[in-house]
*Asks:* 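My structure is below; once you've seen it, I'll send some questions.
Quick note on labels: first sequence line is chain A, next is B, and so on, each numbered from 1.
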Amino acid sequence: MLTLDRRLFLKSVAVVGCSAAAHPLMSPMTFAQVPGDGRLVVIILRGAMDGLDAIQPYGDPNLRGVRRTLSVGPDGGALDLDGFYALHPRLAPLLPLWQRGELGFAHAVSTPYRGKRSHFDGQDILEAGTGGDLPPDRRVSGWLNRLLQVIPGATAETAYSVGTEPMQILSGKAAHLSWAPQMSFSLSPQAQILLGHIYEDDALFRDAAQDAIRISGEAEVMTAGQGPGAAAQALGAFTAIRLNGESRIATFSIPGWDSHARQAAVIGRALDQLSAAILALREGLGTNWGTTTVLVMTEFGRTIRENGTGGTDHGTGGVMLMAGGAIRGGHSYGEWPGLAEGQLYAGRDLMPTRDIRAYAAWAMRGMFGIEASALESTIFPGLDLGSDPGFLA
Amino acid sequence: MHPSFSEVAAIRLGFGFSPLADPPSDPDTLLASIAESGPGLRAMSTAAAIDYGMRLREATRRFREGGEAERPGYEALRSELNRLGLVDLHCRVVRAADARAGFGERLVQFWSNHFTTRAVALNRRALALAFQDEAIRPHIGGRFEDLFFAADTHPMMLVYLDQAVSRGPNSRSVKDRPERRFGLNENLAREALELHSLGVEADYTQSDVREFAKLLTGLTINQKQGFAYYSSWAEPGPLTVLGTRYGQSRGGAGRAPERQLDDIRAVFHDIARRPETARHLSRKLAVHFASDVPPADLVESMTAVWQETEGDLSAVYAVLVNHPDLAATFGQKIRQPFDLNVAAIRALGLTGSEIEALDLDVFKRAVATPMAAMGQPWGQPKGPDGWAEAADAWIAPQTLAARIDWALQLPRRLLGELPDPREMMLAAFAGVPPEPIAWAVPKAETATEGIAIVLASNAFNRR
């Protein structure tokens, strides 16, 4: 890992001679004004999480008819939440959060995307935050980036994309930073000073290198975890470090939700990752968890019927989770559409009862005071904000 | 500084210096080298891509019906298709590393990116390679109108920008089967105007996009031949695009098959010759080769020649190559990860055949994976506008860290024994390294770090 403590630094200056002393890659950190205390984390679940399995509506009498081995509710070990919904057993580590009002969900949500049920198109639209009618090149900027553009006082440090997976949701005109917690380079202190000398007069390289060294140095305090959720735990822990500093917005993704076959195993592993990420955020944020909202979103839901290989296929309506001390958890939000024949979308999918973007919009309105007009025209063009679901505490 | 023509040729128009060969010393030699970048011996064709697709369908069917016994064949084919993109990158790097001038391979990259496609589905991977060998490479030194038509009517583009499913609202196929809800898709028409030719600033309307989209109906693909034109899908004419009427007799029966594409060819040619296209693409070339903020005189000169010659690309390149602004803006561009890897391979004194001999997995670890970390996952651009040009899109904390990490790893992954960093530095900068690098490299503690300092330096990452 790239660290530069003062003792090493001085020693290296002595080795290269005095002319290098003026060119260290490290610069003193400056603290800019941060836009408020609210912290927003958006976790994208790539591959389409089965909402009916993660949060099981076991109170719906039609569920057992379409799910024989999956989503069987408390009889299959799921944890009852409110007499109608139950939490998948692999999300058990999050049950205490529900009980403390730090975990909630909205069922039967979706983006405006309909039609071919492609992961790539679905994720594009989720992250672009636009309607489904725009051609791909109109979707290259993401809604978190457009949020940054309207937050007063936002700097590059305000928003982080975490991990190696590109996050389209944060791409766009507004400057932001990205880093992967596993990023490390074993450049010796001597080589750092030499490169610092070379970059000195080139602001683009000098500033990027200084930030890289600072960020990687700060990431080093993390202990590399092991076990089933280690990768996502590292993402959550690193994100917490940034949010405890100047950053207020962060996003990362967790892959592995495409459960066409053997869903029990596939979604189990993925839910372990999600639990680990949320718990790492909570632990890392400490008291700052109280002002944090985590939104967990996926590109679409899955078919209500189990298929022939113990899995489910690409569907439409799904579930969104919210977590954090800033939310009013322990409640379900949204309207349950039912699972009877006439209540489905296209005869096979959960009928979406609300645009998932409306929840994200209300979160941004509550946390950052964004005007309704900006939410409906700039951040989510074409969105009807509708009534406040009231999930912020 | 006043870079010589050789420096401009190597750094700005090629892939950097190599101790094994001198860069071209005059513009004519450089321009003549474009001819070396035609389709190679291992070129992919649409026919071969279609064959891959049929073999995949057959292997899938056999696996479904035959079970486990058929799994090895099925998985071997999937794995082969999955690796095609990597094999292509390997070949591209080999060709670029060996190219004496490199300008032709740089142009292949420029135009492949201008006409971005992306193959997500496994059965399209080979078609994406055929696109480059059939639509791009044969036309980079010719007339833009031929390149434009070849690229935007190639099966890969028809699939990527949804043309393959577009049908005229008044075509026979739609009228005969209204219950199927077939219809028009404007995606290719829009990008052909906005990205590929006129540019978004140009004075065209939604009506032009829609009429152009209708004119393109009939173009599609079929599983057996690749490219197809179905007159029953074509919107009847006449249709007006940018004030010109096309296709009076379109969509009706009776036109000879060899004349069916006449209107479509005509509209591409007309758009290619418009002044907005000349300006948009001259500027784009100048942005790519000279500066994110290209000098006005360079853009004006290229635009003028584009218009005089009706888009003779070689004549436009000649203006670029001879223009003093190319030396005046030296170092303002960032080498994209592909260019950076080739430049490093050349500076390390490696030949294309030495790279070709590498095991594909070694090549992947050394080159392809680091390229993705630097922000260029090969074959997977985000959208139809391709890779970014702006310097700060490539040099940010995470991506610069990835470049430094690569600089430490690459030489050891490619070479059994590291060269003397001081000699490598001289090779990389043709004997005249920038002063800070000449100062720093001898002070490095190890050969690995000495070489990494050269490869990670701003001077080596700029062009």
*Asks:* Could you grab the distance from atom CG of D392(B) to atom CG of D207(A), nearest 0.5 Å is fine?
*Replies:*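 Here the interatomic distance stands at 11.5 Å.
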
*Asks:* Take atom CZ of R118(B) as the centre, draw a 6.0 Å sphere, and report whether it contains more than 12 heavy atoms from other residues, nucleotides or ligands.
*Replies:* yes

*Asks:* Rounded to the nearest 0.5 Å, how far apart are CZ of F205(A) and CD1 of I334(B)?
*Replies:*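 With rounding to 0.5 Å, CZ (F205(A)) is 4.0 Å from CD1 (I334(B)).
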
*Asks:* Which pair of heavy atoms, one from W179(A) and one from Q398(B), lies closest together, and at what distance?
*Replies:*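 Taking every non-hydrogen atom into account, N-OE1, 3.2 Å.
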
*Asks:* Let's test your reading of the structure: which of I453(B), N185(B), T399(B) forms the most heavy-atom pairs below 4.5 Å with chain A?
*Replies:*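 The residue among I453(B), N185(B), T399(B) with the greatest pair count is I453(B).
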
*Asks:* So which of A456(B), G450(B), S457(B) has the largest heavy-atom pair count under 4.5 angstrom toward chain A?
*Replies:*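 Among A456(B), G450(B), S457(B), the one with the most close pairs to chain A is A456(B).
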
*Asks:* Let me confirm one number: the CG-CD1 distance from D202(A) to I395(B), rounded to the nearest 0.5 Å.
*Replies:* 9.0 Å

*Asks:* Main chain of K443(B), side chain of Q190(A): is a donor-acceptor contact present, judged purely on distance under 3.5 Å?
*Replies:* yes

*Asks:* Determine the minimum heavy-atom distance between P397(B) and A212(A), stating which atoms define it.
*Replies:*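 Shortest heavy-atom separation between P397(B) and A212(A) comes out as O-CB, 3.6 Å.
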
*Asks:* Under 6.0 Å from the CZ atom of R413(B), do we count more than 12 heavy atoms belonging to anything else shown?
*Replies:*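 Enclosed.
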
*Asks:* Got a list of side-chain donor-acceptor pairs under 3.5 Å for residues 365-375 of chain B, not counting sequence neighbours?
*Replies:*
| unit_1 | atom_1 | unit_2 | atom_2 | d |
| --- | --- | --- | --- | --- |
| T369(B) | OG1 | K364(B) | O | 3.1 |

*Asks:* Working to the nearest 0.5 angstrom, can you tell me the gap between Q210(A) CD and L400(B) CG?
*Replies:*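 The CG atom of L400(B) is 11.0 Å from CD of Q210(A), to the nearest 0.5 Å.
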
*Asks:* Does atom CD of E201(B) have more than 12 heavy-atom neighbours from other groups under 6.0 Å away?
*Replies:*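 Atom CD in E201(B) is not packed in, count stays at 12 or less.
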
*Asks:* Taking the side chain as everything from C-beta on, heavy atoms only, tell me whether L194(A) gets closer than 4.5 Å to E449(B).
*Replies:*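 Not in contact.
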
*Asks:* With heavy-atom distances below 4.5 Å as the criterion, would you say the side chains of L204(A) and W394(B) are in contact?
*Replies:*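 Contact flag for L204(A)/W394(B) side chains = no.
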
